[in-house]
Amino acid sequence: MEDRSNLFRMSALMGLIFGAFWCLKYICVMLAFNMPLLILLYLPLTCFVPFMAHILTRRYRNSLPEQDRFSFMHGWQFSTLLYLFAAILVSIPHYFFYADILPAHLPNLKAQLQESSAMMTQIFGTENWQEALEQGLSVRPAARVLNDISTNFFWGALFSIPVGLILRRRASSDNTQEQ
């Protein structure tokens with residue numbers, strides 16, 4: 001029998017830890033406008049995200065009684081909720097970035113893109129890239145944040161599949177019956 005009584009509480013608690021890690025990672029992106037080398041820190045931290053989800057899910061599984069079963073679905077649900085709570089927490093710096101930091105650096109970015117206008121036209125094969133850029137930049141910060149939350153949740157649900165498969169375990173009573 002599986003005990004899921006602590007599933008929501010523990011996923012919220014560990015999602016807070018996971019979200020704090022994401023906030024630290026995202027601060028590297030926000031500060032990269034002034035210190036470009038922080039992108040070199042951001043990339044390995046991003047690659048570590050699925051491993052950290054595995055570590056936190058394994059920690060949750062190990063906190064459950066040894067005789068309890070931990071199915072794929074239980075592990076997937078926990079890991080997916082972990083990503084959801086982390087995405088909600090990281091939405092705070094996302095909004096701050098979209099509302100305050102990005103607009104401050106937008107004139108510089110547009111100037112750099114205008115300098116490389118010929119190259120951009122060559123890459124995209126048309127002058128419409130400027131219209132697409134303007135359209136993309138006109139999206140409100142709240143809409144971008146909601147998009148980021150849903151994207152993080154979607155990818156988290158996908159990354160949770162191998163975590164659930166790897167960490168499943170049978171109840172100790174199932175193991176003794178087979179022998």
Side-chain angles (χ1 to χ4, degrees), residues 1-33 38-102 136 139-179:
M1 187 71 189
E2 287 184 77
D3 179 21
R4 295 184 187 212
S5 59
N6 289 329
L7 177 70
F8 199 75
R9 184 178 64 81
M10 291 297 289
S11 63
L13 178 67
M14 291 189 182
L16 182 66
I17 295 166
F18 202 34
F21 174 75
W22 282 16
C23 288
L24 172 74
K25 189 175 71 95
Y26 201 71
I27 288 171
C28 291
V29 170
M30 292 191 305
L31 296 177
F33 284 111
L38 283 177
I39 290 294
L40 295 176
L41 180 61
Y42 170 78
L43 293 174
L45 290 177
T46 300
C47 293
F48 185 67
V49 165
F51 298 106
M52 188 168 183
H54 177 269
I55 291 166
L56 291 172
T57 306
R58 186 178 63 214
R59 178 179 277 180
Y60 167 70
R61 182 198 68 183
N62 292 342
S63 72
L64 298 175
E66 187 73 28
Q67 67 272 12
D68 284 357
R69 184 173 172 250
F70 190 78
S71 67
F72 158 75
M73 195 60 160
H74 193 158
W76 181 81
Q77 286 174 340
F78 178 82
S79 187
T80 302
L81 285 172
L82 198 67
Y83 277 97
L84 175 66
F85 288 119
I88 291 170
L89 184 64
V90 82
S91 68
I92 297 166
H94 279 197
Y95 185 82
F96 178 72
F97 176 76
Y98 293 136
D100 294 335
I101 295 175
L102 187 61
V139 177
R140 303 185 85 176
R144 289 181 185 196
V145 168
L146 288 174
N147 183 42
D148 289 346
I149 291 172
S150 62
T151 301
N152 286 334
F153 179 70
F154 173 76
W155 285 107
L158 288 180
F159 286 144
S160 297
I161 292 171
V163 170
L165 288 171
I166 292 169
L167 292 178
R168 63 186 173 180
R169 80 170 172 214
R170 290 184 164 168
S172 58
S173 61
D174 292 347
N175 294 333
T176 56
Q177 290 175 354
E178 288 180 4
Q179 296 173 357

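Fair warning: this is a prediction, and the values are worked out from it, not measured in the lab. Residue indices begin at 1 and follow the sequence shown.
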Item checked: Ile88: side-chain contact (heavy atoms from CB on, under 4.5 Å) partners, not counting sequence neighbours -> Leu84
Item checked: side-chain contact (heavy atoms from CB on, under 4.5 Å) against Leu165, all qualifying residues, sequence neighbours excluded -> Phe72, Ile161, Arg168
Item checked: Under 3.5 Å donor-acceptor, Ser79 side chain and Gly75 backbone -> no
Next item on the list: Begin from the C-alpha positions of Leu64 and Met10 and carry the test side-chain contact (heavy atoms from CB on, under 4.5 Å) through to its verdict.
Entry: CA-CA 11 Å; Leu64 298 175; Met10 291 297 289; over 6 Å; no
Next item on the list: Take Phe21 and Val49, measure what side-chain contact (heavy atoms from CB on, under 4.5 Å) needs, and give me the verdict at the end.
Entry: CA-CA 9 Å; Phe21 174 75; Val49 165; 3.8 Å; yes
Margin query: So Phe18 and Leu89, do their side chains get closer than 4.5 Å, heavy atoms only?
Written below: no
Check: How long is the gap from CG on Leu43 to CG on Leu38, to the nearest 0.5 Å?
Finding: 11.0 Å
Next item on the list: Measure across Asn152 and Ala87 and return the closest heavy-atom pair with its distance rounded to 0.1 Å.
Entry: CB-CB, 3.7 Å
Notebook entry, point to check: Tell me, which pairs form a side-chain hydrogen bond (donor to acceptor under 3.5 Å, both in side chains) where one or both residues lie in residues 81-96, sequence neighbours left out?
Noted result: His94-Asp148
Margin query: Would you compute the distance between atom CD1 of Ile27 and atom CG of Leu41 and round it to the nearest 0.5 angstrom?
Written below: 11.5 Å
Item checked: Minimum side-chain heavy-atom gap Ile55-Phe48 below 4.5 Å -> yes
Next item on the list: Please round to the nearest 0.5 Å and tell me the distance separating atom CE of Met14 and atom CZ of Arg9.
Entry: 9.5 Å
Note to self: Quick check: closest heavy atoms across Thr80 and Ala157, and the distance to 0.1 Å?
What the structure shows: OG1-CA, 3.8 Å
Next item on the list: Measure the CG-CZ distance between Leu158 and Phe153 for me, rounded to the nearest 0.5 Å.
Entry: 10.5 Å
Next item on the list: Give a yes or no answer on whether the side chain of Arg61 reaches the backbone of Phe70 with a donor-acceptor pair at less than 3.5 Å.
Entry: no
Check: Roughly how far apart are Leu81 CG and Trp76 CH2, rounded to 0.5 Å?
Finding: 8.5 Å
Item checked: Contact summary for Cys28 and Tyr42, nearest pair of heavy atoms -> CB-CB, 4.1 Å
Check: When rounded to the nearest 0.5 angstrom, what distance separates CG in Leu167 from CZ in Phe78?
Finding: 10.5 Å
Notebook entry, point to check: Are Met30 and Phe96 side-chain neighbours, meaning at least one heavy-atom pair lies under 4.5 Å?
Noted result: yes
Margin query: Which heavy atom of Leu7 sits nearest to which heavy atom of Tyr60, and what is that distance?
Written below: CA-OH, 3.5 Å
Check: Between Gly156 and Ser160, which heavy-atom pair has the shortest distance, and what is it?
Finding: O-OG, 2.6 Å
Note to self: Ignoring hydrogens, what is the shortest heavy-atom contact between Ala53 and Thr57? Give both atom names and the distance.
What the structure shows: O-OG1, 2.8 Å
